[in-house]
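Inspection log for the structure reproduced underneath, given as structure tokens.
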Amino acid sequence: MKIDHELILKLEKLARLKLSEDQRSKMIEDLNDMLKMVNKLDELDLHDVEPLLHLSNQYNVTRTDKVEDHMDRDAALANAPDSDNEYFKVPKVIKK
Amino acid sequence: MTEFAVNIGLEVHIQLNSQSKAFCADSILFGQAPNTQISPISLAYPGTLPKINEAQIKKAVQLALAVDSEIREVSYFDRKSYFYPDLPKGYQLTQDNAPYCKGGHLDIIVGETLKRVAIHHIHMEEDAGKSIHTLDPKNSMIDLNRAGTPLLELVTDPCLETAEEAYQFLSRLRSLIRYLGISDGNMEQGSMRADCNVSIRPKVSTKLGERCEVKNVNSLRFAKKAIDYEINRQTKVIKAGGTIRQTTMDFDADKGVTRPLRDKEDVHDYRYFPDPDLPPLVLTKKYIQEVRAAMPVLPWEIENKMIEEHGISQQQAQTFAYDPELRSRFQEQLKLYPSAKKLANLYSNKIIPYIQSEGVSIKEMNLLNDQICGLLQLIDNGEVSSSKAYQLIFPELMKSDESPRNIAQRLDLIMAQSSDAELETLFKTIFDDNSEKVKAYQSGKKGLLGFFMGQAMKASGGKLNPKKAKDILQRMLDNQ
């Protein structure tokens with residue numbers, strides 16, 4: 001995989017970020033360096049090795065189905081950039 | 001002219017009826033004041049740690065067992081990344097790469113034919129919050145009560161061929177999840193939602209056509225309408241020389257049409273990757289065995305047993321199988337009344353239509369077992385005609401505890417229990433008064449039987465047992 005200008009534009013769009021041309025060149029360089037580092041693994045024969053998805057040996061960390069205290073609404077809304085007494089307010093997004 | 005074949009695949013979201021959310025302890029009660037069922041986890045505060053709900057796992061395993069799906073021993077959760085204001089984390093927790101089960105099937109009946117619908121897989125995930133666009137002209141309002149509600153998504157193979165089959169499948173699935181008690185399956189409230197993938201292809205081809213996915217169908221009827229509309233639309237496009245592009249469609253229930261929801265530009269790139277916060281889920285044979293042991297007998301097993309034991313129709317057996325309350329009433333009544341077939345017919349002709357049209361349960365109908373059995377006995381004894389019993393006595397039963405016999409007497413519906421000799425005398429008189437008609441009958445005008453019956457009914461004030469009278473009349477006319 002190669003990081004190029006086109007891919008950066010796509011990632012910007014997906015991450016809702018806007019980079020300057022300078023930042024883009026730097027980003028292309030950085031990401032290519034990171035890939036190069038990870039690609040070192042290709043030097044090993046790993047076809048029998050399961051991917052390591054989780055670092056701990058834990059599994060089935062579950063909770064019983066019980067309702068506990070809810071967060072106070074005023075407290076939750078107080079952290080939002082905009083709200084009325086009931087809802088978080090965001091700039092109009094229309095799905096359709 | 002090219003003939004087209006249709007392929008329909010369904011993605012059904014089933015909202016589980018647990019107490020709390022999938023990964024935190026907020027309530028999932030429907031219809032509460034906005035943003036009152038939230039916590040740092042559902043708001044995606046930094047540093048919070050999700051923990052999976054045991055009830056979601058158990059209900060998921062129940063559904064997998066019911067549809068004979070192969071349960072994966074080790075599964076895990078992925079992040080499906082996209083930005084939308086009602087998704088505070090910026091990703092949905094779902095199972096993409098390793099869903100907890102794969103394969104399986106659910107049988108449906110279409111017309112008279114049994115069809116086995118193949119299930120591709122089922123996976124666990126969480127719901128998003130709700131965006132409301134109509135409250136404020138400049139803003140969208142966000143309610144996060146629903147964010148994190150546990151869902152199962154069941155995906156079928158594209159093996160359904162008509163809108164009717166899709167309808168039957170959804171209806172069957174809804175009955176099943178209600179029967180298992182894992183969801184209330186209420187499409188209008190969104191606790192069961194179906195996305196319908198529809199494609200058409202030339203009949204001779206085996207390669208699937210490009211599909212369009214219709215979202216937002218919130219009733220069984222709409223699903224059927226939306227699919228039929230989509231089949232027609234695609235057929236028209238292709239016949240006019242056009243091509244179908246993969247598109248997400250919205251169904252407008254008011255107008256009964258589908259419309260593109262997003263344009264091609266907006267194709268999603270969800271960048272799935274394993275969620276590092278949720279350790280793998282291991283479903284051991286022992287655990288699965290425990291869940292299986294605690295599950296009720298499955299409806300189709302009951303259905304087959306009832307057909308075999310009682311000789312009732314498949315439709316009737318199915319109704320009883322999926323409705324434990326109705327079934328136990330039927331079985332109580334069978335202890336008091338011998339004919340399962342006649343009893344089942346009373347259910348399919350009167351009781352079930354009433355339940356469906358009035359939206360009540362059998363309990364709310366206020367029918368006593370003795371009343372039901374008494375009604376059938378009146379018919380069996382030839383004391384009341386079945387049409388009068390159904391039309392006039394049955395509605396009275398629900399008004400009070402009065403016995404069917406009392407009602408029949410009160411409404412003057414009891415038929416005269418005339419002896420054979422009495423009936424013969426009656427017909428002799430009628431023959432004497434209408435000798436011309438008797439001759440006409442004997443020379444072949446068999447339709448006159450009705451005339452003689454009519455005379456006899458008139459003479460008795462409408463209270464003859466018609467079957468018995470007709471037998472005697474027939475015998476007398478043939479021996480004249």
Side-chain angles (χ1 to χ4, degrees), chain A residues 1 3-4 6-18 27 31 34-35 38 41 49-96, chain B residues 18-21 23-29 33-40 42-43 45 49 51-58 74 76 81-86 88 129 131-133 135-144 250 259 261-262 269 271 274-276 278-283 287:
Chain A
M1 188 177 191
I3 309 288
D4 56 17
E6 194 189 338
L7 183 60
I8 291 293
L9 290 180
K10 190 184 164 198
L11 291 176
E12 278 182 37
K13 202 175 166 204
L14 287 170
R16 306 288 193 274
L17 290 174
K18 189 103 193 112
M27 187 65 78
L31 289 177
M34 287 180 210
L35 279 183
V38 176
L41 286 173
V49 181
E50 287 283 314
L52 178 68
L53 300 179
H54 297 89
L55 290 174
S56 85
N57 289 325
Q58 284 187 311
Y59 59 92
N60 291 357
V61 179
T62 61
R63 32 171 282 273
T64 45
D65 182 25
K66 205 172 141 244
V67 175
E68 282 166 30
D69 287 348
H70 294 120
M71 197 174 170
D72 177 58
R73 180 165 69 187
D74 293 338
L77 294 177
N79 280 327
D82 197 4
S83 65
D84 63 7
N85 294 326
E86 297 182 300
Y87 293 98
F88 296 96
K89 267 192 193 179
V90 299
K92 197 108 181 161
V93 277
I94 289 290
K95 241 175 187 166
K96 293 171 192 178
Chain B
S18 56
Q19 302 293 311
S20 64
K21 289 184 180 176
F23 301 105
C24 65
D26 310 353
S27 165
I28 62 164
L29 218 57
N35 295 308
T36 53
Q37 301 182 148
I38 52 175
S39 64
S42 48
L43 294 184
Y45 280 16
L49 195 61
K51 227 186 212 188
I52 190 166
N53 187 341
E54 281 168 3
Q56 176 168 24
I57 302 170
K58 186 174 167 199
V74 182
Y76 56 88
S81 303
Y82 65 97
F83 280 122
Y84 206 75
D86 56 25
S131 306
I132 302 156
H133 308 292
L135 284 180
D136 184 311
K138 286 205 196 83
N139 298 291
S140 292
M141 311 305 261
I142 308 296
D143 173 11
L144 295 175
D250 187 33
R259 275 195 220 104
L261 191 61
R262 308 184 181 111
D269 179 352
R271 293 150 291 151
D275 182 87
L278 289 163
L281 183 64
V282 177
L283 298 169
Y287 174 74

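To find a chain, count down the sequence lines: A is the first, B the second, and so on, and within it residues start at 1. As the structure is a computational prediction, the values presented were derived from the model and not from experiment.
- The shortest distance between side-chain heavy atoms of B:Pro280 and A:His54 falls below 4.5 Å.
- In terms of non-hydrogen atom pairs under 4.5 Å with chain B, the most contact-rich of A:Leu53, A:Thr64, A:Leu55, A:Val67 is A:Val67.
- Counting non-hydrogen atoms of neighbouring residues, nucleotides and ligands closer than 6.0 angstrom, the OH atom of A:Tyr59 reaches no more than 12 such neighbours.
- Minimum interatomic distance between B:Tyr45 and A:Asn79 (heavy atoms only, all atoms of both residues): OH-ND2, 3.0 Å.
- Checked against A:Tyr87 for a side chain to side chain contact (heavy atoms under 4.5 Å, CB included), the options B:Ile142, B:Asn139, B:Leu135 give a single hit: B:Leu135.
- At a 4.5 Å heavy-atom cutoff, B:Leu29 makes no contact with chain A through either its backbone or its side chain.
- Considering only heavy-atom pairs separated by less than 4.5 Å from chain B, the leading option among A:Asp82, A:Asn60, A:Asp84, A:Asp69 is A:Asn60.
- Heavy-atom pairs under 4.5 Å with chain B peak, among A:Glu68, A:Met71, A:Lys66, A:His70, at A:His70.
- Residue contact with chain B, scored on non-hydrogen atoms closer than 4.5 Å, is absent for A:Ser56.
- Residue B:Arg271 touches chain A through its side chain alone, counting heavy-atom pairs closer than 4.5 Å.
- For the pair B:Ser20 and A:Arg63, the minimum side-chain heavy-atom distance is below 4.5 Å.
- Heavy atoms of B:Pro40 lying under 4.5 Å from chain A belong to its backbone as well as its side chain.
- Residue contact with chain B, scored on non-hydrogen atoms closer than 4.5 Å, is absent for A:Asp72.
- Residue contact with chain A, scored on non-hydrogen atoms closer than 4.5 Å, is absent for B:Ile28.
- Looking only at side-chain heavy atoms (C-beta outward), B:Tyr287 and B:Ile57 come within less than 4.5 Å of each other.
- Both the backbone and the side chain of B:Lys51 come within less than 4.5 Å of a heavy atom of chain A.
- Here the side chains of A:Phe88 and A:Leu77 are in contact, with some heavy-atom distance below 4.5 Å.
- B:Asn53 contributes a side-chain N or O that, together with a main-chain N or O of B:Lys21, makes up a donor-acceptor pair within less than 3.5 Å.
- For B:Pro34, the parts lying near chain A are the backbone and the side chain together; criterion is any non-hydrogen pair under 4.5 Å.
- With a 4.5 angstrom heavy-atom cutoff, B:Leu43 touches chain A only via side-chain atoms.
- Looking at B:Ile52 and B:Phe23, their side chains come closer than 4.5 Å, going by heavy atoms from C-beta outward.
- Residues A:Leu11 and A:Leu7 form a side-chain contact, since some pair of their non-hydrogen atoms from C-beta on lies under 4.5 Å apart.
- Contacts of B:Asp136 with chain A are made by both backbone and side-chain atoms, with heavy-atom separations under 4.5 Å.
- In this structure, no portion of A:Asn57 lies under 4.5 Å from any heavy atom of chain B.
- With a 4.5 angstrom heavy-atom cutoff, A:Lys89 touches chain B via backbone and side-chain atoms both.
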